[in-house]
Amino acid sequence: MDKLVLIDGNSIAFRAFYALPLLQNNKGTYTNAVYGFAMMLMKVLEEEKPNHVLVAFDAGKITFRHRDYKEYKGKRDKTPGEFSEQIPLIKELLDAFGIRHFELESFEADDIIGTIAKEADRKGMPVTIVTGDKDLLQLVTEKVELLMTKKGVTDADRYDVEKVNEKYGLKPKQIIDLKGLMGDPSDNIPGIPGVGEKTALKLLHQFGSVEEVLAHIDDLPGKKLKERVAENRRDAILSKDLATIMCDVPLDFGLDDLIYQGFDADRIIPLLKKLEFKTLLERIQGDESETDQPEPEKISVERVESEDNGKWEDFLKQDRIALFVERNHENYHRADLLAIVLSDGKQQLFLNWETAKRWPAFQEWLQDSDRKKICYDVKATWIVFKRHHLESEGFMFDILLASYLINASESGHDLSDIVERKLGGGLPADDVVYGKGAKRRQLGEQELSEHLARKVNRIYQLCPVLEKELKEYDLDALFFDLELPLTHVLARMEWNGVKVDKDRLQALGKELQERLNGLTERIYDLAGTTFNINSPKQLGEILFDKLGLPVLKKTKTGYSTSADVLEKLAPQHEIVEEILRYRQVGKLISTYVEGLLKEVFDSTGKIHTRFHQAITTTGRLSSSDPNLQNIPVRLEEGRRLRQVFIPEKPGWQILSADYSQIELRVLAHLSGDHGLVEAFQKDMDIHTKTAMDVFGVSENEVNSLMRRQAKAVNFGIVYGISDYGLSQNLNISRKEAGEFINRYFESYPGVKVYMDETVKKAREDGYVTTMFHRRRHLPEIHSRNFNRRSFAERTAMNTPIQGTAADIIKQAMLRMDEALEKRNMSARLLLQVHDELIFEVPKEDSETLSDLVREVMEGAVTLSVPLKVDVSTGNTWYEAK
DNA sequence: CAGCTCACG
DNA sequence: ACGTACGTGAGCTGC
C-alpha cells in the first residue's frame with residue numbers, strides 16, 4: 001500500500017527551535033532545531049511507514065502573495081541567525097536519510113504541499129501532512145490527514161475531516177474563510193478588525209463562507225459588527241485569498257520522484273556524530289545492531305617476549321612513540337601496573353611487567369628524555385613507573401591535558417570520550433570493556449592486549465589532531481610552557497607526599513568523639529527522643545514538626561536544615577545551637593579524622609593526595625583521596641587538625657606562602673580601574689578601602705560591620721555579582737544589596753565597564769579567556785532561559801579572574817621548582833591550595849626559602865598592580881599561619 | 001546514586 | 001517574572 005508523508009519543513013524546524021533549549025555542539029554550531037527536526041522525522045518514519053516522503057521549505061522572502069499584499073508577513077521579527085544557520089543542516093540530514101526536499105521561488109512550502117497532496121488525492125494515495133500551522137487544515141480530505149504538532153516537537157494531534165468538524169464545526173475548505181474573517185497577526189493578514197475566532201466561527205456556521213457573509217451584511221447581529229464588516233469587505237476577501245493555499249503550482253517533479261526506501265545507517269551515523277546527537281545515534285545504531293553487531297575494527301598487536309625482545313629495538317628508535325600503561329585502580333598511588341603498550345601508529349607492542357623488567361633497551365628508552373613519548377595522563381604514568389622503580393622522561397605530549405585545555409567544560413576527558421569527540425569513535429570505554437562496580441571482570445590475555453593496543457593507537461592518532469587545535473586556539477604556550485612542565489612538578493609533589501602525625505590525629509579524634517557523645521546526649525534530651533541527627537529528614541521532623549520552629553527555607557525534598565537556616569533559628573530553641581556544634585564536630589571526625597586516617601600509608605606514615613590538573617572549568621587544580629585543599633582553617637576547633645601535618649624529617653619546618661587578595665589584584669589589572677589600581681599600589685586594606693568608597697566615610701569611620709559588608713561586596717564582584725546572591729550572603733534585602741552594588745560601581749566605574757565589556761565579548765565570541773589564553777566556552781550565554789543565561793554571564797565575569805589567578809600560581813610553582821633545583825636546595829613543595837603554596841624545608845634554610853618564595857611568587861607575572869605574598873613558618877602546618 | 005550539608009579558596 | 005552568588009571533594013542518608 002502506497003503512502004505519502006509531506007512535511008512542512010520551516011514550520012517543524014521553527015517549532016523545534018522554540019521548543020528546545022538552544023543546544024550547541026562542541027564546535028559551537030547551534031543544533032536544537034536540527035535535533036528536534038530529526039526526532040520528529042524518525043518518529044514519523046517509524047509510525048507512518050511511508051514509501052513516499054517530501055519535505056517542503058519556503059524559498060526566499062518574496063512570494064506571489066506579496067504581489068497582492070505588500071505587507072504580507074510584514075510584522076514578523078527578523079528570523080534569528082541561530083535558526084537560519086540550522087536550515088542547511090536540516091537539509092543535509094534529509095540528504096543523509098535519502099529524503100527529497102524542495103523549495104520553489106516565490107512560493108511557500110504550503111503551496112508545494114498542497115499541490116502534491118492534490119495529485120496524491122487524485123491518484124487515491126493516502127497522505128499525511130506534518131506541520132505546526134493550522135492553515136494547512138484546509139487541505140484535509142478523505143484521503144489527506146494532517147499531523148499538527150502540539151507543545152513539543154514529537155507530540156502531535158491527528159486531524160481528519162471528522163476531527164476538523166469536531167473542533168471547528170467546519171469543513172476543511174472553510175478554514176480559509178475562517179482566516180479571511182479573523183485574519184492572522186503572525187502573517188500580518190488583516191481580516192476584519194474586532195472579529196476573533198469566536199465571532200468568525202459563529203458567522204461561518206450561519207452563512208458558510210466569506211462571500212455569503214458579505215452578501216448578508218444586513219442580517220448580521222449588532223450594529224458595530226455590521227459596520228466593521230461593511231468597511232472591511234475588501235480586506236476580508238484579500239485575507240481569504242492570502243490564506244488560500246495554491247494547489248496547482250508548476251512543479252518539475254511528481255509523486256514518483258518522492259519514493260523513500262528507508263535509510264542507510266552508514267550515511268546517517270557520521271552526520272549524527274558531527275552534530276553530537278548521542279541519543280539518536282544510539283537509536284540508529286541500536287536498530288542496526290539487531291541485525292549485525294559491528295565488529296570492532298581489527299588491530300594488530302605484537303606481544304614482546306623476554307626471549308626475543310631484541311627484534312623490537314629498532315622500533316624504539318623511532319621519533320615519536322605513544323605509550324600507555326594500564327593499571328588496576330584509578331588511584332595510581334595504590335595501583336599496580338597491568339601492562340605496557342607502545343604504538344608508532346602502525347604497529348602496537350604489548351609487554352607485561354615481567355618483560356619490561358627484563359628488557360634493558362626498553363628501560364633506557366623510557367628514561368631517555370630525548371626519546372619522545374606521547375601519553376595520556378603523564379602524571380599517573382610517571383608515578384606508576386616510579387612505584388615500580390622505573391624512571392620515565394621525555395613526555396612531549398599529554399592527550400588528557402590537551403583535551404582539557406581545548407574545552408575544559410566538556411563532560412568527559414576519559415580517553416574513550418576524547419576519541420569519540422575527536423576521531424568520531426572507535427574505542428570502547430573501560431566501563432564497557434571491563435564492566436563497572438560488581439560487574440568488573442578481568443580480561444583474557446588476547447582481549448586485554450587488543451583493548452590496550454586500541455588505546456595506545458588512538459593516543460598516537462589523537463596527538464596531531466589535538467596539537468592542531470591547541471595551535472588554533474592559541475593555547476600552545478599554555479600547554480607546552482605551563483601545563484605540561486607543571487605536570488612533572490605535581491607528580492613529584494604527590495610522589496613525595498605529606499607526613500602525618502598519626503598519633504596526634506588519633507588523639508584529636510578521641511577528644512572530638514567525646515565531645516560528640518556529649519552533644520548527642522544533650523540533643524536527645526532536648527528533643528525528648530532519640531533520632532538520627534545526621535538525617536536532615538529526621539532532624540527536620542524534630543525541629544519543625546515536633547518543636548514547631550518556623551520553616552524559613554525548603555529544599556526540593558523537604559525542610560532545609562542548612563547552617564544559615566539554623567543560625568537564624570538558634571535564638572528560639574536551645575537545641576539548635578547544639579545541633580550546629582554537633583554538625584561541626586561530626587564533620588571533623590568523619591571527614592578529617594577518619595577520612596585522613598584511611599589515607600595514611602602504613603609503610604611511610606604519609607599521605608599522597610592526587611592533584612587533578614584536568615577537572616575544573618577555570619584552570620584551578622583540585623585535590624582528592626584525600627582532598628588536602630579543604631583542611632579546616634576558619635574555626636579554631638577545626639584548625640587544630642593542621643597540627644597533624646608535619647615535615648617528613650626532624651629538624652625541618654613547614655613554610656606557607658599565600659598571595660594576598662590575588663583575585664582582586666587580578667581584577668584591578670584586567671579592568672584597569674584607577675581607584676582599584678591605586679588602592680593596591682598604595683597597599684591599602686582593600687576591604688576597608690571599599691567600605692570607605694561604598695559608604696562614603698573616612699578610614700577611621702569604617703566600623704567592623706561596614707568592613708564585613710564591603711568584603712562581601714568584593715567577593716560578589718569577583719563571582720559575577722547579583723543583588724540576590726549578595727543579599728543572601730549578607731542577610732539583607734535585595735534592594736539594599738542592589739544599592740551596595742550600584743555604589744560600588746559608581747566608585748569603581750572601570751570595573752563596571754570591564755564587566756560589561758567582558759559579557760559583551762563573551763556573547764560575540766562564545767567564550768572568555770584568561771591572561772594566559774586559557775579558554776572557557778560559554779554556549780549558554782545565548783540561552784533564552786534566564787537562569788542559564790545569567791549563570792553564563794556571571795561565569796563570564798568570574799572565569800577570567802579566577803582563571804588568571806590560577807595561571808599565575810601555576811607559573812609561580814614552575815619557577816619555584818626551577819629555583820630550588822638551581823640553588824640545590826633540599827626544600828620541597830608539598831601542596832598548593834589555590835592561592836597558597838606549602839613547602840617543607842630544613843630549619844636552617846627556612847629564611848632563605850622565605851625570601852626566595854616571596855621573590856618568585858611576587859614576580860611570577862608583571863601586572864599593573866604589585867602582587868603581595870605573606871610567608872610564615874612553623875613546626876606544623878598549624879603553626880605556619 | 002542523587003540530594004543535602006559542609007570543609008576550603 | 002524568572003531565582004543564584006564562583007570553583008571544588010567528601011560523608012551521610014534514603015530511595
Side-chain angles (χ1 to χ4, degrees), chain A residues 408-409 436-437 531-540 553-566 579-580 582-596 598-599 609-612 615-635 637-639 641-642 658-664 667 712-730 734 737 741 768 776 783-803 805-806 809 831-837:
Chain A
S409 326
K436 61 176 165 189
F531 65 102
N532 187 343
I533 310 169
N534 285 323
S535 161
K537 188 162 167 264
Q538 294 183 33
L539 179 61
K553 197 163 97 183
K554 286 195 153 203
T555 66
K556 284 190 261 196
T557 49
Y559 307 122
S560 169
T561 65
S562 62
D564 61 317
V565 172
L566 295 189
I579 289 164
L580 284 165
Y582 174 94
R583 285 240 179 104
Q584 258 178 42
V585 177
K587 175 91 176 173
L588 294 177
I589 295 174
S590 64
T591 303
Y592 296 105
V593 176
E594 290 170 359
L596 285 177
K598 275 187 220 140
E599 298 291 346
T609 185
R610 286 189 292 155
F611 286 108
H612 303 283
I615 294 269
T616 73
T617 45
T618 55
R620 277 189 176 181
L621 301 177
S622 80
S623 153
S624 76
D625 310 292
N627 181 352
L628 291 186
Q629 291 182 318
N630 69 348
I631 301 300
V633 68
R634 290 171 194 170
L635 300 172
E637 183 142 55
R639 188 175 202 153
L641 276 155
R642 297 189 169 215
D658 67 292
Y659 280 114
S660 160
Q661 306 296 353
I662 188 165
E663 291 188 341
L664 287 170
L667 173 62
V713 172
N714 277 329
F715 271 104
I717 294 294
V718 169
Y719 291 156
I721 195 102
S722 78
D723 52 5
Y724 184 86
L726 183 65
S727 74
Q728 289 295 299
N729 190 288
L730 282 179
R734 221 165 101 174
I741 294 168
V768 289
R776 177 163 182 187
S783 174
R784 284 183 306 276
N785 177 313
F786 176 87
N787 280 327
R788 289 162 177 258
R789 188 177 64 249
S790 305
F791 181 68
E793 286 167 0
R794 291 196 297 274
T795 311
M797 297 186 258
N798 170 263
T799 296
I801 301 171
Q802 194 183 116
I809 195 162
L831 299 171
Q832 186 250 45
V833 191
H834 310 307
D835 62 357
E836 173 185 17
L837 297 179

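Since this is a predicted model, take the numbers as computed values, not measurements. Proteins come first, then strands; the chains are lettered A, B, ... in the order of their sequence lines, and each starts at number 1.
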Margin query: One pair to check against side-chain contact (heavy atoms from CB on, under 4.5 Å): A:Val593 and A:Leu641. What are the steps and the verdict?
Written below: CA-CA 8 Å; A:Val593 176; A:Leu641 276 155; 4.2 Å; yes
Next item on the list: Go through the steps for A:Ser562 and A:Val565 under the test side-chain contact (heavy atoms from CB on, under 4.5 Å), then give the verdict.
Entry: CA-CA 5 Å; A:Ser562 62; A:Val565 172; 3.8 Å; yes
Checklist line | Phosphate OP1/OP2 of C:dA5: any A:Arg794 side-chain N/O under 4.0 Å | finding: no
Notebook entry, point to check: Do A:Tyr659 and A:Ile809 come within less than 4.5 Å of each other through their side chains, counting heavy atoms only?
Noted result: yes
Note to self: What's A:Gln802 touching, base or sugar-phosphate or nothing? Going by heavy atoms closer than 4.0 Å.
What the structure shows: base
Margin query: Using a 4.0 Å heavy-atom cut-off, does A:Asp658 contact any base of the nucleic acid, only the sugar-phosphate backbone, or nothing at all?
Written below: nothing
Check: Checking all strands, does A:Ala712 fall into the base, sugar-phosphate, or nothing category for heavy-atom contacts under 4.0 angstrom?
Finding: base
Note to self: Base, sugar-phosphate or nothing for A:Asn630? Non-hydrogen atoms, less than 4.0 Å.
What the structure shows: base
Next item on the list: State which of C:dG11, C:dG9, C:dT8 makes the closest approach to the side chain of A:Asn627.
Entry: C:dG9
Check: Nearest-Å distance, CD (A:Glu793) to P (C:dA5)?
Finding: 16 Å
Next item on the list: Taking the side chain as every heavy atom from C-beta outward, state whether A:Gln802 and A:Val718 have any atom pair closer than 4.5 Å.
Entry: no
Note to self: So, OP1 or OP2 of B:dA7: does either fall under 4.0 Å of a side-chain N or O from A:Arg583?
What the structure shows: no
Notebook entry, point to check: Just checking A:Ala806: base, sugar-phosphate only, or nothing, at a heavy-atom cut-off of under 4.0 Å?
Noted result: nothing
Notebook entry, point to check: Across the strands shown, which category fits A:Ile801 at heavy-atom distances under 4.0 angstrom: base, sugar-phosphate, nothing?
Noted result: nothing
Check: Side chain of A:Phe791: nearest nucleotide among C:dA10, C:dG7, C:dG3?
Finding: C:dG7
Next item on the list: Look at the side chain of A:Asp835 and decide which nucleotide, out of B:dC4, C:dG7, B:dG9, has an atom nearest to it.
Entry: B:dG9
Next item on the list: Measure from CD on A:Glu836 to P on C:dG7 and round the result to the nearest Å.
Entry: 22 Å
Next item on the list: Using a cut-off of strictly less than 4.0 Å, decide whether A:Ser722 has a side-chain nitrogen or oxygen near OP1 or OP2 of C:dT4.
Entry: no
Check: In terms of side-chain heavy atoms of A:Phe715, which of C:dG11, C:dA5, B:dT5 is nearest?
Finding: C:dA5
Next item on the list: Just name whichever nucleotide pairs with C:dC2, Watson-Crick or G-U, keeping both distances under 3.5 Å, else none.
Entry: none
Next item on the list: For the side chain of A:Val633, starting at C-beta, report the closest nucleotide among B:dC6, B:dG9, C:dC2.
Entry: B:dG9
Margin query: Tell me whether the side-chain N/O atoms of A:Gln538 come closer than 4.0 Å to OP1 or OP2 in C:dG14.
Written below: yes
Item checked: Which atom of A:Ala805 lies closest to which atom of A:Ile662, heavy atoms considered -> CB-CG2, 4.1 Å
Item checked: Whole-Å gap separating P (C:dG9) and NZ (A:Lys598) -> 18 Å
Item checked: Phosphate contact (B:dC4 OP1 or OP2) by A:Thr555 side-chain N/O below 4.0 Å -> yes
Check: In Watson-Crick or G-U wobble terms, both distances under 3.5 Å, what is the partner of C:dT13?
Finding: B:dA2
Item checked: Candidates C:dA10, C:dC12, C:dG7 - which lies nearest the side chain of A:Ser590 -> C:dC12
Checklist line | P atoms of B:dC4 and C:dT4, separation to the nearest Å | finding: 12 Å
Next item on the list: Among C:dA5, C:dG9, C:dG7, find the nucleotide with the atom closest to the side chain of A:Arg620.
Entry: C:dG7
Check: Under 4.0 Å between a side-chain N or O of A:Arg634 and OP1 or OP2 of B:dC8?
Finding: yes
Margin query: By the 4.0 Å heavy-atom rule, please label A:Gly720 as base, sugar-phosphate, or nothing.
Written below: nothing
Margin query: Let me spell it out: for each of A:Leu621 and A:Ile721, pick the nucleotide of DNA chain C with the closest heavy atom. Which residue's pick is nearer the 5' end?
Written below: A:Ile721
Note to self: Should the side chain of A:Arg734 and the base of C:dG3 be counted as holding a donor-acceptor pair, with the cut-off at 3.5 Å?
What the structure shows: yes
Margin query: Taking 4.0 Å as the cut-off, does a side-chain nitrogen or oxygen of A:Thr618 come that near to OP1 or OP2 on C:dT8?
Written below: no
Margin query: Minimum heavy-atom separation for A:Asp564 and A:Lys553, please, with both atom names.
Written below: OD2-NZ, 3.4 Å
Item checked: Spacing between A:Lys556 atom NZ and C:dT4 atom P, to the nearest angstrom -> 10 Å
Notebook entry, point to check: Which part of the nucleic acid does A:Arg639 contact within heavy-atom distance under 4.0 Å: base, sugar-phosphate only, or nothing?
Noted result: nothing
Note to self: Applying a 4.0 Å non-hydrogen cut-off, can you work out what A:Leu588 is touching in the nucleic acid: base, sugar-phosphate, or nothing?
What the structure shows: nothing
Next item on the list: Pick the P atom in B:dT5 and in C:dA5, then give their distance to the nearest Å.
Entry: 13 Å
Check: Are any of A:Asn532's side-chain N or O atoms less than 4.0 Å away from OP1 or OP2 of C:dT13?
Finding: yes
Checklist line | Nucleotide B:dC6, atom C1' - distance to CG of A:Asn534 in whole Å | finding: 12 Å
Next item on the list: In whole angstrom, give the distance that lies between atom OH of A:Tyr592 and atom P of B:dT5.
Entry: 17 Å
Next item on the list: Respond yes when some side-chain nitrogen or oxygen of A:Thr561 is under 4.0 Å from OP1 or OP2 of B:dT5, and no when none is.
Entry: yes
Next item on the list: Can you figure out which of B:dG3, B:dA7, B:dT5 approaches the side chain of A:Ser560 most closely?
Entry: B:dT5
Note to self: C:dT8, OP1 or OP2 - any side-chain N/O from A:Thr617 closer than 4.0 Å?
What the structure shows: yes
Notebook entry, point to check: How long is the line joining CZ of A:Phe611 and C1' of C:dG7, in whole Å?
Noted result: 16 Å
Note to self: Determine whether the aromatic ring of A:Tyr724 stacks with the base of C:dT4, defined as ring centroids separated by less than 5.5 Å and ring planes inclined by less than 30°.
What the structure shows: yes
Margin query: Can you tell me which nucleotide in C:dA10, C:dA5, B:dT5 comes closest to the side chain of A:Asn729?
Written below: C:dA5
Notebook entry, point to check: Heavy atoms under 4.0 Å, any strand shown: does A:Val833 hit a base, just sugar-phosphate, or nothing?
Noted result: sugar-phosphate
Notebook entry, point to check: Between C:dA10, C:dT13, C:dC6, which one does the side chain of A:Ser624 approach most closely?
Noted result: C:dA10
Next item on the list: I would like to know whether A:Glu663 and A:Phe715 meet side-chain contact (heavy atoms from CB on, under 4.5 Å); could you show each step before the answer?
Entry: CA-CA 9 Å; A:Glu663 291 188 341; A:Phe715 271 104; 5.9 Å; no
Next item on the list: For the residue pair A:Gln832 and A:His834, establish whether any side-chain heavy-atom pair is separated by less than 4.5 Å.
Entry: yes
Check: Between atom NE2 in A:His834 and atom C1' in C:dG9, what is the gap in whole Å?
Finding: 10 Å
Note to self: Out of the candidates A:Lys537, A:Gln538, A:Arg583, only one should pair with A:Thr561 under the side-chain hydrogen bond (donor to acceptor under 3.5 Å, both in side chains) rule; please name it.
What the structure shows: A:Arg583
